[in-house]
Structures are given as C-alpha cells and as structure tokens.
Number of protein chains: 2
Amino acid sequence: MRLRADAARNGALVLDAAREVFAEQGLSAGIDDVAARAGVGKATVYRCWPTKDALVAAVTSVRVDEFTARVVAARDEPDAPAAFARLMLDAAESCAGNKLLHEGLISETPALAAKRAQCRAAMQELIDGAIAAGGMRADLRSEDVTLLFNGATSQLKAAGETDPAVWRRYAGLVVAATRP
Amino acid sequence: MRLRADAARNGALVLDAAREVFAEQGLSAGIDDVAARAGVGKATVYRCWPTKDALVAAVTSVRVDEFTARVVAARDEPDAPAAFARLMLDAAESCAGNKLLHEGLISETPALAAKRAQCRAAMQELIDGAIAAGGMRADLRSEDVTLLFNGATSQLKAAGETDPAVWRRYAGLVVAATRP
DNA sequence: GGGAAAGCGGACTCCGGAGTCCGGTTCTGC
DNA sequence: GCAGAACCGGACTCCGGAGTCCGCTTTCCC
C-alpha cells in the first residue's frame with residue numbers, strides 16, 4: 001500500500017525539521033518544536049515514528065554512519081597514529097557545529113546499538129594499528145577513547161561552547177592522553 | 001528567636017538524609033526521597049531550604065571545601081607534577097564512591113560560585129607550579145583540567161561504573177593529557 | 001465527481017517531580 | 001497546665017514534555 005502523497009510529503013518535512021531542530025538544540029528539543037518547524041501538528045510526527053526515540057534514531061543514524069565511514073577510512077591509512085589524531089580533531093570540529101553528530105555518538109538508544117558496535121569495531125582496529133605503530137599506549141581500548149572524547153565534548157556542549165577551534169583543542173588533549 | 005527543638009532536630013535529620021541520598025543516587029534523586037529517608041514530610045524539607053538547589057548547595061559545599069583543601073595541600077608540595085597527578089587519582093577514586101563530591105565539582109549552581117572560584121584559583125596555582133617544573137604542557141589552564149576531569153567522571157557515572165580502580169585509571173589518562 | 005479510506009491537527013490525557021496549603025499536633029513561656 | 005505560636009505532613013497545585021483521540025479534511029480510485 002503506497003503512502004498517500006500528503007503523508008509522504010509531511011514525513012519528509014518532519015525528517016528535515018527534526019534534523020535541523022536537533023542539530024541546533026540537541027535532543028532536549030521537544031517534539032512540539034519539531035512539529036512546529038515542519039509546519040504540522042505533533043500527531044503527524046507520531047504517525048511517522050511511534051516515539052521520540054525512533055525519530056531521533058532515524059536522524060542520528062545517518063550521522064553515525066558518516067562517522068563510521070570516516071573511522072574506516074582512517075583505519076585504512078598507512079600512518080595509524082596520525083590518522084587517529086586527525087580523525088579526533090575533525091570529529092570534534094564537526095560536532096561543534098552539529099549537535100546531532102555529537103548526540104549520535106553519545107546516544108545509548110538500543111535502536112542504534114548495531115551501528116555503534118560497527119563504529120566501535122572499526123575504531124578498535126584503528127587503535128590496534130596505532131598501538132602496533134608505537135604511537136599509542138598499549139593498554140588503550142576503543143571504550144577509553146570514546147569515553148574521553150564523549151566526556152570532553154559533552155562538557156563543551158553543556159558549556160555552550162560553539163567555537164570549533166576550542167573543540168579541536170580539547171580533542172588534541174584527548175589525543176595526547178592516548179600517547180604512550 | 002531560637003528554633004524550636006523539633007525543628008532543629010528535623011533540620012539535622014534532613015541534612016543527613018540529603019547527604020546520604022544524594023551521595024548514593026546523585027542529584028537526580030527527588031526531594032520526596034530525601035524526606036522519606038529523613039522520616040519527615042517534604043514540606044519540612046522546604047521549610048528549611050526554600051528550593052532543592054539550596055539544599056543541594058548546603059550539602060555539596062562541604063565536599064567542595066574538602067576538595068579545595070586537598071588542592072591547596074597539593075599546591076604546597078615541592079613536586080608539583082607528582083602532587084597534581086596524585087590529586088587527580090585520589091579525587092577520581094573519592095568520586096567513585098561519593099556522587100556528592102562529583103556533583104559538587106560539576107555543579108554550576110550560583111550558590112557555590114564563590115567556592116568554585118576559590119578551588120579553581122588554587123588549582124591554577126598548582127598547575128602553574130607543575131608547568132614551571134616542566135611536568136605539564138605550558139598552554140594548560142585549570143578550566144582544561146576541570147573540563148577533562150569532569151567530562152570523564154560524568155561519563156563514568158552515567159555508565160554506572162562503581163569500581164574505584166576504573167575511575168583511577170581514567171584520571172590517569174587525564175593526567176597523561178596534561179603532559180608536555 | 002463521489003465516497004471511503006487515509007491522513008490531519010490541536011486539544012486532550014498522563015506522568016513525574018518541584019513547590020504550596022492548611023487542619024491537626026507539639027513545643028514553649030508564663 | 002494552658003494559650004497560642006511554631007511546626008508538622010500529606011494531599012494538593014503547577015508545569016512541561018511525551019504520547020493519544022477524534023471530528024474534520026484531503027487524497028485516491030473507480
């Protein structure tokens with residue numbers, strides 16, 4: 001059964017609105033805000049996604065996929081420690097302007113568990129490579145990097161920091177923490 | 001006008017209960033929980049402190065003072081870098097078992113602004129000493145340390161991690177990030 | 001173009017936690 | 001020991017955000 005034209009259109013509007021609103025305000029934004037931005041009633045939002053979490057997962061999963069792709073690319077570079085450092089700095093910079101990416105990386109929602117696992121696996125391989133190359137302390141695991149990175153970025157977000165350079169700087173400190 | 005005997009007794013009960021409940025559950029615990037633990041109605045809690053924030057400030061400020069004293073002691077030690085490292089590890093370990101200390105260090109409530117400033121000043125002096133001793137990167141400021149430390153510990157708390165050794169380990173990573 | 005199904009939206013309920021009210025109880029000064 | 005002020009506590013309101021309901025509108029298929 002095909003979706004009615006107006007339903008399809010509204011679904012897309014809602015998705016766009018959710019992307020914008022959540023990127024600007026983070027996941028604490030209300031469904032009402034998303035509905036208002038889309039120019040529809042909130043029931044319409046709930047008709048497309050049964051819960052707020054489902055909508056959030058829909059918009060964040062894309063961001064997580066993009067990030068995973070970047071991790072994989074970094075993993076395949078020859079100089080693992082340098083690739084890792086670059087990845088962290090770039091990721092922080094991206095997060096500075098897009099809360100959605102940040103939330104996606106942080107989120108614990110079950111809907112993204114598989115994607116997170118995939119991302120983590122690639123990260124672990126990158127880290128293993130960096131350790132093998134002697135550019136990283138040997139006892140490090142991907143959870144450590146995730147925790148430090150997420151911790152720092154969460155604090156930056158909470159502080160309302162928007163300057164990408166500052167985010168970059170802290171990512172640099174996290175990278176420094178991983179050195180042998 | 002002296003406080004009535006029962007009022008004074010209940011005030012102390014509430015304070016003790018708040019310390020316990022917030023240390024165990026963090027600040028997300030409700031006033032109802034505190035009142036129940038104290039064996040008192042919630043109105044009694046509000047009679048002593050006008051808002052939840054005020055009560056929280058009352059119980060956390062002690063913890064912050066204790067921590068500040070430790071920072072000051074560290075500042076006055078001869079080997080600043082080592083004192084700094086020890087301070088971080090000990091603080092993390094303490095936070096693992098006492099959410100209240102953690103919340104006190106993280107909290108942004110205006111009621112503790114003065115105490116936070118005092119703590120930060122001592123930390124800055126400790127850091128300056130460590131930099132002068134060549135044990136820390138020269139561009140570091142106390143906010144950096146605070147942000148990294150709070151970020152990591154917040155994540156640990158959110159993850160429900162209770163093993164002090166793990167908290168210590170991450171504090172060690174934060175210290176590593178400060179090395180020149 | 002007409003009718004039925006699909007979709008719409010705003011007003012509604014529900015829920016949890018902060019903060020308030022007031023009738024009943026307990027302490028204190030005389 | 002008694003008057004009355006101070007205090008008590010549980011039931012209440014208030015608030016904001018998630019999720020639901022239902023009378024009305026739009027679309028689609030014939």
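A note on names: the letters A, B, ... follow the listed sequences, proteins ahead of strands, and every chain is numbered from 1. Bear in mind that the values here come from a model prediction, so they are computed numbers and not experimental data. All values below were derived from every heavy atom in this structure, side-chain atoms included, with hydrogens, water molecules and symmetry-related copies excluded.
Between W49(A) atom CH2 and dG7(C) atom P the separation is 13 Å, expressed in whole Å. Distance NZ (K52(B)) to P (dC14(D)): 22 Å, rounded to an integer number of Å. A straight line from CG of D53(B) to C1' of dA18(C) spans 11 Å, rounded to a whole angstrom. dG7(C) atom C1' lies 14 Å from atom CG of L13(A), rounded to whole Å. What separates CG of L27(A) from P of dA18(D) is a distance of 11 Å, to the nearest Å. Taking atom CG on D32(A) and atom P on dG10(C), their separation rounds to 11 Å, with Å as the unit. Atom CG of L55(A) and atom C1' of dG17(D) are 15 Å apart (whole Å).
Put simply, the side chain of L156(B) does not reach to within 4.5 Å of the side chain of T162(B), judged on heavy atoms. Using a 4.5 Å heavy-atom cutoff, the side chains of S154(B) and I106(B) are in contact.
Within the nucleic acid shown, N10(A) comes within 4.0 Å of sugar-phosphate atoms alone, with no base atom in reach, counting heavy atoms only.
Shown are R169(A), R168(A), R86(A); of these, the salt bridge (Lys or Arg N to Asp or Glu O under 4.0 Å) with E93(A) is made only by R168(A).
You'll find a donor-acceptor pair under 3.5 Å spanning the side chain of R47(B) and the base of dG9(D), going by distance alone.
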K99(A) and E24(A): salt bridge (charged side-chain N to carboxylate O under 4.0 Å, His left out), yes or no, with the steps?
-> CA-CA 6 Å; K99(A) 298 230 172 70; E24(A) 287 169 14; over 6 Å; no

Please assess R9(A) against D6(A) for the test salt bridge (charged side-chain N to carboxylate O under 4.0 Å, His left out), listing each intermediate value before the final yes or no.
-> CA-CA 5 Å; R9(A) 180 166 36 81; D6(A) 52 350; 5.4 Å; no

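A distance of 8.5 Å separates CG of D144(A) from CZ of R137(A), quoted to the nearest 0.5 Å.
Side chain of W167(B) to main chain of D90(B): no donor-acceptor pair is present (N/O by atom type, distance under 3.5 Å, no hydrogens or angles).
Of the N and O atoms on the side chains of R70(A) and S94(A), at least one donor lies less than 3.5 Å from an acceptor on the other residue.
Listed by residue number, the members of residues 39-46 of chain B with any heavy atom below 4.0 angstrom from DNA chain C are K42(B), A43(B), Y46(B).
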Contact letters for nucleotides 24-30 of chain C, in which S counts primed atoms plus P, OP1 and OP2 and B counts the base, heavy atoms under 4.0 Å = --BSS--

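The residues K157(B) and E103(B) are annotated as salt-bridged, a charged nitrogen and a carboxylate oxygen being separated by less than 4.0 angstrom.
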